Amino acid sequence: MAMVLDAFASYIGDYLKQVVQDELGTMLGVSGEINKLGDKLLDLKNFLADADKRNITDETVKVWVGQLKRTMYEAADILDLCQLKAMEKRGPSSVEAGCCNPLLFCLRNLFHAREIGTRIKALNQRLDNIKQRSAAFNFINLGSYEDCHSSNAHASCQGNPSRETVGDFDRSAVVGDKIEEDTKALVALIMRKGKEVNDDIMVFAIVGVGGVGKTTLAQKVFNDEAIQGGFIKKIWLSVNQNFSEVELLKRTIIGADGNAQLAGNAKDALHRALMQALKDHKTFLVMDDVWDKGAWEGVLKIPFANAAASGSRVLITTREGRVAQGVTAIQPYHHVDTLAPDDAWSLLKKQVRSSEIDEDHINTLMDIGLKIIQKCGCLPLAVKVMGGLLRERGGLRRDWQQVLDDSKWSTTKMPDELDHTVYISYEYMPSYLKQCFLYYSLLPKSRNFTIDEVVAMWISEGFIHGNSNDLEELGKKYYKDLVSRNLIEPDKSYANLWVCSMHDVVRSFAQYMTKDEALMAKDGDNDILAELSSQNFLRLSIETDQSQSGELDWKSLQAQQSVRTLISTIQIKMMPGDSLVNFSSLRTLHIESADMAVLLESLHLLKHLRYLTLVNAGISVLPENIGKMKLLQFLDLGGCTKLVNLPDSIVKLGQLRLLSLPQASMVPRGFSGLTNMRILDKFRAHMDGDWCSLDELGPLSQLRFLELVQLENVSAASFAANARLGEKMHLISLIMYCTSKLGDDGLVKEKEGVSEEEQQRIEKVLDKLCPPPGVEDLHISGYFGRQLLSWMMSTSMVPLNNLKTILFYDLACCTQLPNGLCQLPSLQVLQVCRAPCIKHVGTGFLQAAAASFPRLNVLKLFDMVVWEEWEWEEQVQAMPRLEELVLCDCKLRHFPLGLASNASSLKILGLQHVKQLSYIESFPSVVDLTVIDCPDLERITSLPNLQKLAIAKWPKLKVLERIASLESLGLEDYTMEELPEYMRDIKARHLQLFCRLLLLSAIAAGQSGTEWDKFSQVEHVKAYARDGDNQRKWYVLYTRGDNCKLDSNISSSTVFEETLSSSIVDAQGFDSLYKMRRSTFSYVCGLVRISFLEDMMTREPTFVDGRVLSLQDRVAVALRILNSGESPVIAGSSLGVNESTVSLVTQVFVEAMWDRAMHHCSWPGSTKMEKIKHKFYKMHGLPNCCGVVHTAHITFGSQNPNHEENDAVLVQAVVDPDMRITELWLDGDLLGSIEKYAWLNGGKVKLSDGSEVGEYIIGDAGYPLRPWLLTPYQLENGLPLSESKVEFNRRHSAATAVAPRTLARLKDTWKCLQGK
């Protein structure tokens, strides 16, 4: 019942009224029948509201209602055909969208006139019979919804099987302390350890009725810090009533970071893939909304039991205790209770509160509110839906009383599983909103549908009608009304209600209401094929190709000849010869299938089609006859990425309101005739003579959204001027793209940069693309002009008084931000991303004028990589409403004085990679500060209202003070070896720390550790260290109020000895064996100490006799195998250590030395370099020489008993005269880095002949000659070298001899480099 009789009758009535007004009935000779048709519809409309209501609960009415609906659908089809015939007569130039009086043109063809008249007469007779039969039902005249339920309905405008949940939760729906207590109790139960706890996989269950909050509680548990830190893999599965075993396995594999595609659809293969993904990983699995024990027992239990590590846990949510029993969940199960009355009242007030109804007024209605809550059963979802209804009804006591007294609370003829609160909310909806609500429930959950797509479908079905100019705006009001009533819920990851979802309880009711008209084919449905063969549906929604009686393919759908909506989000199997010929009534078609090309030739047969979305990367061409689809209004081809050239006939689709194109597509000429276009997405600015260019956009005056791409192709500003953007008074959003000139590093790609001619041309082009005054959103990307657009620099040119959002991306050559923006009265969001030429933001940005940026809420400046200064004098008033400021990747030295003193509403401050900033202070209004990788930051101070502070990578930060209101502190630095000293004075309630394992172990030591005085005063501490990709592998949890309780999975039982065992040193003596002095050995131990300590916490290498290797033992083992070049077996046997331990210890040692000791082989500083140059001159007579470069292949590895080839590494080194390596590269481009980073940039030396020589290095003849790289002179044309050149070669040879000797000594010391 997606159609609501009362609402759809209005849609048909609009057609007939136009017919009567134009006296077309007389012209057709059927004026009497036309008048009768109108009268009968009017008579029927008087009791359609009652018929709609009784259709829900009275089986005897349903057949009659079904016949009336089919008759109304046929009426709509007849009027469509009239319009099409009229269009044929008028020709393409006379196409007029929304025309409801095309019957006039049928007179030119008597056959069509007679056919239309005959069909109207037959339709009238059917309505007569339907009306006669209605007497048996004793319908009463309720009028419309607006007459019987609301005096202000037009104030604003004229257990679901497919439920999908995610692991994130909506904090706004959480009230009271109960859920916090429940979360804490469940987490404690899941994380419990001890001898009495079974290490096998354990299942826990949350049990409760629909809408009580099971999912919300499971989400809270899933996101708890202890859970996130205690398990390597965390998987969230939304299971649902009709699950598919194959799909469930696939989603579990993906959740476990496995590869489901390789496994195909075979259950055995999927089991193996899942076990491979889970193998030896401690896993936490949430199975939400489980209706059948088979989801666990028959599908997932075996692979989990055979592969997941001990200690893995499973949490299910279910409505049935028998399901919990069937999966052998740990008893007692956790039963979710309904809300306490006080908490339910708090939730209701949250939903009702609005700008018109404040909390004080709501509290005066508490007596009625509590009674309504009681009727809701204190279920959270029911309370939210009822809150949405009461907010719509208004704040009058009589309105609330009417809802409380409504008889529908006690309706008994609906299935028990349906929520009566949703029913009441539905009944209080206007009829036009009911059918939109019901239609929304048909959308597949496997795909996100945007507000534009949903509204377009509503329009296509005739649910939104009236003034053709306002349909989209009206549809968005309906959409927002459903959000306001809490019947659809916004997805918080999208802005502006772009995507919403529908709760399973709400969807269950809506789909119950549509069951006679619509089929939703989902994974696990009992027998889709049987349903398709037994009933004719008007709407099909398909997101599975599986059925118990066979595979669902295109032929399975052929019997559904009355279908008006077909939405498929899966790959339906299609064969050559399949077509759309049987679906002539389709209004809406959304199809995603790789085999879809076979259907294209029959696409033009869909004469009634208004909405078409094709998602198929394989389609490269559309048929020419697509131009016959005259009623098509919405065409989305964005998913057809291989589609390049659109057919010429597309310009004949005169009713198009939306066209979304692939990025590379080209539009044929004649596009200017599509004057009904509202949304044009990715229009390519191509200048080829055979294809449409910007000038054809001129007549498209109805555009609301326009996205232009590849604007760099526009050869002259005159083409842009002809687009006449400034005249498009309805335009709301404008996006302009040029292909970016910037690389991944944020700098211009081409070394030669952008030519001045290119800059001037693009400046002129975009200057002519000036938007109209009413535009609200403006995005400019890839612009490479030097100056920003003149119409942005001065509001006097174009008063953009409605502009709310401006986004700039990839401004390759702009040297300043536009001056005029500060005067925009409505601007709320300004974002600049990647502007590599802006070094200075001057006073012109604010213009020292009154009310600069008066409404700006959000300012984000990203990747302005050379930006250093921001001028804003303290007396210049600006940005009084700025709430969020984010700076990323710049060199800003300090904040301007005017920011702190004028931005009095600033609440959120985010800084990332701000390189030269040394302090943050005196922001009195900031409550949330995030600082990430600001290397020069030294102090944060005087933030009196700061509540939340997060800092990552802060090497120089020493001062953190005068932040008395701090509630939460987050620190992240994996190089930190101890907590900073300023922590002693921090009085935050919460501390979250991500650090290295060494520091975490010191925290785990509690009062006996070195860090106790720095964190013990904090109420709650959660500290973590990572292991590979698991950021929370190791944890410490501390609660001050619970007797300073510490909980950790780090064992502190092992004492890390640092003495050298006697068995490690033999009679040869230490120095001769390890080729270094004891003092050097101690220094090396200090370098690797932390790495070995952290490794010890995960494993304890031992001697063969069981003794634990100390720090010095481990270093000695590693040095032994590296010095001697022996195999791990031989070295281990002489040291009393097994082979695997030798290999492991050596690997940890090498990685630690690479991390901690490579600074010894990095380019020398200026003082050290002067000494090197002095020695080269003194020893070899080479002035200003900085080193000898040498390249060699070294085979790394100890003796290989299996005679396998060891890996060879390309080594590039620079050596000084003392045979020390001053720069070392492995498999890299050393010379390229020397040139790129200008390492040889020291002072020049004046020679005896008066010439000067800069710094250089020397190398053998195999190196390329560079100004800074000198190689020996070579003979030229067989002529002998001059004496000076011979002398240079002699000195050069003597100096370069040091390099191979250095390498030979290195190999002799570390025989592992000999690769034998």
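Computation of the quantities below employed the complete heavy-atom set of this structure, encompassing side-chain atoms and omitting hydrogens, waters and symmetry-equivalent molecules. The structure displayed is predicted, hence computed values, not measured ones.
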Point to revise | Side-chain heavy-atom pair Ile567, Pro444 within 4.5 angstrom cut-off | key: yes
Review point. Between the side chain of Arg1114 and the main-chain N/O of Val1148, is any donor-acceptor distance below 3.5 Å?
Key: no
Exercise answer: donor-acceptor pairs, residues 1102-1109 side-chain atoms, under 3.5 Å, sequence neighbours excluded:
from: Asp1105; atom 1: OD1; to: Arg1107; atom 2: N; distance (Å): 3.1
from: Asp1105; atom 1: OD1; to: Arg1107; atom 2: NE; distance (Å): 3.3
from: Asp1105; atom 1: OD2; to: Arg1107; atom 2: NE; distance (Å): 2.9
from: Asp1105; atom 1: OD2; to: Arg1107; atom 2: NH2; distance (Å): 3.3

Point to revise | Heavy-atom closest pair, residues Leu443 and Arg507 | key: O-NH1, 3.2 Å
Check your understanding: Closest approach of Leu1046 and Ile1003, non-hydrogen atoms and distance?
Key -> CD1-O, 4.1 Å
Exercise for review: Please confirm whether Arg1026 makes a cation-pi placement over Tyr974, using NZ or CZ under 6.0 Å from the six-membered ring centre and within 45° of the ring normal.
Suggested key: yes
**Study point:** Ile591 side chain reached by Thr613 side chain, heavy atoms, under 4.5 Å
**Key:** no
Review point. For Leu1226, does the CG atom have more than 12 heavy-atom neighbours from other residues, nucleotides or ligands under 6.0 Å away?
Key: yes
Exercise for review: Look at atom CE of Met575 and say whether more than 12 heavy atoms of other residues, nucleotides or ligands are closer to it than 6.0 Å.
Suggested key: no
Practice item. Apply side chain to side chain contact (heavy atoms under 4.5 Å, CB included) to Phe204 and Leu189, showing your working. Key: CA-CA 9 Å; Phe204 301 87; Leu189 194 63; 3.6 Å; yes
**Study point:** Partners passing side chain to side chain contact (heavy atoms under 4.5 Å, CB included) against Glu592 (at least two apart in sequence or in another chain)
**Key:** Arg447, Thr569, His590, Val615
Exercise for review: Please name all residues satisfying side chain to side chain contact (heavy atoms under 4.5 Å, CB included) with Lys1022, sequence neighbours left out, ordered by chain then number.
Suggested key: Glu225, Tyr1024, Leu1037
Check your understanding: Under the 3.5 angstrom rule, does the side chain of Thr252 hit a backbone N or O of Leu248 as a donor-acceptor pair?
Key -> yes
**Study point:** Presence of salt bridge, Lys214 and Glu320, under 4.0 angstrom
**Key:** no
Check your understanding: Between Ser238 and Asp288, is there a donor-acceptor pair closer than 3.5 Å when you use the side chain of the first and the backbone of the second?
Key -> no
Point to revise | Distance, nearest 0.5 Å, that separates CG of Leu1313 from CD1 of Ile1194 | key: 5.5 Å
Point to revise | Side-chain heavy-atom pair Leu300, Leu237 within 4.5 angstrom cut-off | key: yes
Review point. Do His335 side-chain atoms and Gly321 backbone N/O form a donor-acceptor pair below 3.5 Å?
Key: no
Study note, to complete from the structure: In this structure, OG1 of Thr283 is separated from CD1 of Ile201 (nearest 0.5 Å) by 8.0 Å
Review point. Charged N to carboxylate O below 4.0 Å: is that the case for Lys301 and Glu297?
Key: yes
Practice item. Look at the side chain of Lys282 and the backbone N and O of Ser310, then say whether any donor-acceptor pair between them is shorter than 3.5 Å. Key: no
Review point. Does any N or O in the side chain of Glu543 come within less than 3.5 Å of the main-chain N or O of Ser446, such that one atom is a donor and the other an acceptor?
Key: yes
Exercise for review: Measure across Met502 and Lys445 and return the closest heavy-atom pair with its distance rounded to 0.1 Å.
Suggested key: O-NZ, 3.5 Å
Check your understanding: Under 4.5 Å between any side-chain heavy atoms of Thr216 and Val221, yes or no?
Key -> no
Check your understanding: Which is it for Gln571 and Ser593 under the side chain to side chain contact (heavy atoms under 4.5 Å, CB included) test, yes or no, and what are the steps along the way?
Key -> CA-CA 4 Å; Gln571 301 289 328; Ser593 178; 3.9 Å; yes
Practice item. Please report the C-alpha distance between Thr1141 and Ser1143 in whole Å, then the side-chain angles of each, then the deciding distance to 0.1 Å, and finally whether the side chain to side chain contact (heavy atoms under 4.5 Å, CB included) criterion is met. Key: CA-CA 5 Å; Thr1141 300; Ser1143 299; over 6 Å; no
Review point. Run the salt bridge (charged side-chain N to carboxylate O under 4.0 Å, His left out) check on Arg1156 and Glu977 step by step: do they pass?
Key: CA-CA 13 Å; Arg1156 302 300 295 269; Glu977 297 178 9; 3.5 Å; yes
**Study point:** Check ion pair Glu245-Lys267 (N to O, under 4.0 angstrom)
**Key:** yes
